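Values in this document were obtained by computation on a predicted structure and should not be read as measured data.
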Amino acid sequence: MRYRFLLLAMSFALASCGGSQLGGSNSVSDIKVVDGEVLPEPTRLDLFEQNRPYLIGPFDKLTIDVFGIEELSKQEVQTDAGGRISFPLAGVITAAGKTPGELEEEIEGRLRGQYVRDPQVTVNLKETVSQVVTIDGQVREPGLYPVIGRMTLMRAVAVAKGTAEFAKLDDVVIFRTVNGQKMAALYNLKAIRRGVYNDPEVFANDVVVVGDSQARRLFKDALQIAPTLLTPLVYVLTTN
């Protein structure tokens with residue numbers, strides 16, 4: 001009850017703070033309390049935008065078939081760090097940034113005439129590392145990291161080689177979109193390590209910001225009321 005009252009008080013305080021910035025030009029005009037202490041899981045539509053075509057990237061694994069030519073069928077290839085592949089008779093092709101359909105056309109164009117009269121190429125995605133989490137802030141190696149299996153906040157920080165020397169462990173924010181709604185939650189890594197509350201799960205497309213970030217401004221009034229973060233603070237963000 002005390003926790004719910006505290007969150008309600010903080011929501012009014014935060015909602016009254018105009019002009020807070022969240023890493024861009026959009027200002028937060030309203031902040032609503034989420035019922036509970038857990039950041040909701042994203043839906044399938046949040047993880048995979050149906051209207052956005054898939055673009056091949058580095059280290060993606062592809063299966064390529066040329067219809068009617070056994071030697072050129074069921075070819076499994078992997079793009080290199082620069083997004084290139086090597087395919088028999090077609091040579092080295094830059095696949096990164098292309099859709100599978102565009103790559104099909106590229107291979108068909110290289111095979112047509114000189115090698116195959118009317119090539120019909122099919123490119124299928126076998127494995128991708130495009131499902132990534134962004135880890136930023138005071139970690140040793142910020143960047144994009146693939147989400148393989150179940151990943152938690154502590155594991156996400158670990159794959160970024162841990163926190164930097166002067167990181168604020170009670171200042172870790174996860175940004176997430178759930179059903180098209182932007183959300184944010186503030187966590188305390190020290191409290192998680194001590195078992196005060198569970199290590200939250202991290203999903204593809206999440207943005208994790210560790211230590212001394214502008215994102216913390218969303219929670220500044222909350223932390224004035226409760227300077228020791230012993231439970232997660234979870235908010236729905238409405239921007240205009």
Side-chain angles (χ1 to χ4, degrees), residues 1-8 10-11 14 22-23 28 31-48 129-164 167-223 225-239:
M1 185 68 179
R2 177 178 175 274
Y3 173 75
R4 295 289 297 278
F5 175 78
L6 177 62
L7 280 183
L8 185 60
M10 291 186 294
S11 69
L14 286 168
L22 181 59
V28 177
I31 299 178
K32 300 178 182 178
V33 178
V34 174
D35 186 16
E37 300 177 2
V38 179
L39 194 59
E41 295 184 7
T43 66
R44 287 190 179 185
L45 290 180
D46 296 318
L47 295 174
F48 303 96
V129 296
S130 64
Q131 294 298 296
V132 298
V133 58
T134 301
I135 306 175
D136 201 359
Q138 297 299 312
V139 291
R140 297 187 185 278
E141 295 187 8
L144 303 176
Y145 292 91
V147 177
I148 301 174
R150 183 178 183 274
M151 178 176 282
T152 65
L153 178 57
M154 294 294 293
R155 291 180 181 178
V157 172
V159 299
K161 306 304 181 184
T163 56
K168 296 181 178 179
L169 300 184
D170 61 346
D171 179 10
V172 181
V173 181
I174 297 179
F175 293 101
R176 179 177 300 162
T177 299
V178 180
N179 286 320
Q181 176 67 66
K182 296 183 183 299
M183 310 185 75
L186 180 65
Y187 295 95
N188 184 336
L189 288 183
K190 286 184 179 179
I192 295 173
R193 288 172 179 172
R194 293 198 303 265
V196 175
Y197 56 85
N198 291 333
D199 187 10
E201 191 165 358
V202 173
F203 295 88
N205 299 331
D206 281 357
V207 177
V208 178
V209 185
V210 178
D212 195 23
S213 66
Q214 292 184 354
R216 185 182 177 86
R217 296 179 185 177
L218 291 172
F219 305 92
K220 64 178 181 179
D221 293 288
L223 295 175
I225 299 174
T228 302
L229 184 63
L230 297 179
T231 54
L233 301 180
V234 183
Y235 294 101
V236 174
L237 308 179
T238 302
T239 59

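- No side-chain heavy atom of M183 sits under 4.5 Å from any side-chain heavy atom of I174.
- Within the model, atoms NZ of K182 and CZ of F175 stand 10.0 Å from one another, a figure rounded to the nearest 0.5 Å.
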Practice item. Go through the steps to decide whether V133 and L144 satisfy the test side chain to side chain contact (heavy atoms under 4.5 Å, CB included), and finish with yes or no. Key: CA-CA 6 Å; V133 58; L144 303 176; over 6 Å; no

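- The nearest pair of heavy atoms linking I135 to A156 is CD1-O, 2.9 Å.
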Point to revise | D171/V210 under side chain to side chain contact (heavy atoms under 4.5 Å, CB included): CA gap, chis, key distance, verdict | key: CA-CA 6 Å; D171 179 10; V210 178; over 6 Å; no

**Study point:** CA sep, side-chain torsions, deciding dist, call: V208, V172, side chain to side chain contact (heavy atoms under 4.5 Å, CB included)
**Key:** CA-CA 7 Å; V208 178; V172 181; 4.1 Å; yes

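- Residues passing the side chain to side chain contact (heavy atoms under 4.5 Å, CB included) test with T152 are R150, M154, R155, D199, sequence neighbours excluded.
- Residues D206 and F203 approach most closely at OD2-N, 2.9 Å, considering heavy atoms.
- Applying the salt bridge (Lys or Arg N to Asp or Glu O under 4.0 Å) rule to pairs touching residues 132-142 yields nothing, sequence neighbours excluded.
- In plain terms, the two heavy atoms of A160 and Y145 that are nearest each other are CA-OH, 3.6 Å.
- Between G137 and P142, the shortest heavy-atom contact is O-CG, 4.0 Å.
- Between atom CG of residue N188 and atom NZ of residue K168 there is a gap of 13.0 Å, rounded to the nearest 0.5 Å.
- Within the 4.5 Å cutoff, the side chain of N205 has no heavy atoms near those of the T177 side chain.
- Taking the side chain as every heavy atom from C-beta outward, K190 and I192 never approach each other to under 4.5 Å.
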Practice item. Could you give me the CA-CA distance, side-chain angles and deciding distance for L153 and Y187, then say whether side chain to side chain contact (heavy atoms under 4.5 Å, CB included) is met? Key: CA-CA 9 Å; L153 178 57; Y187 295 95; 3.9 Å; yes

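- In plain terms, the two heavy atoms of E201 and E41 that are nearest each other are OE1-OE2, 4.4 Å.
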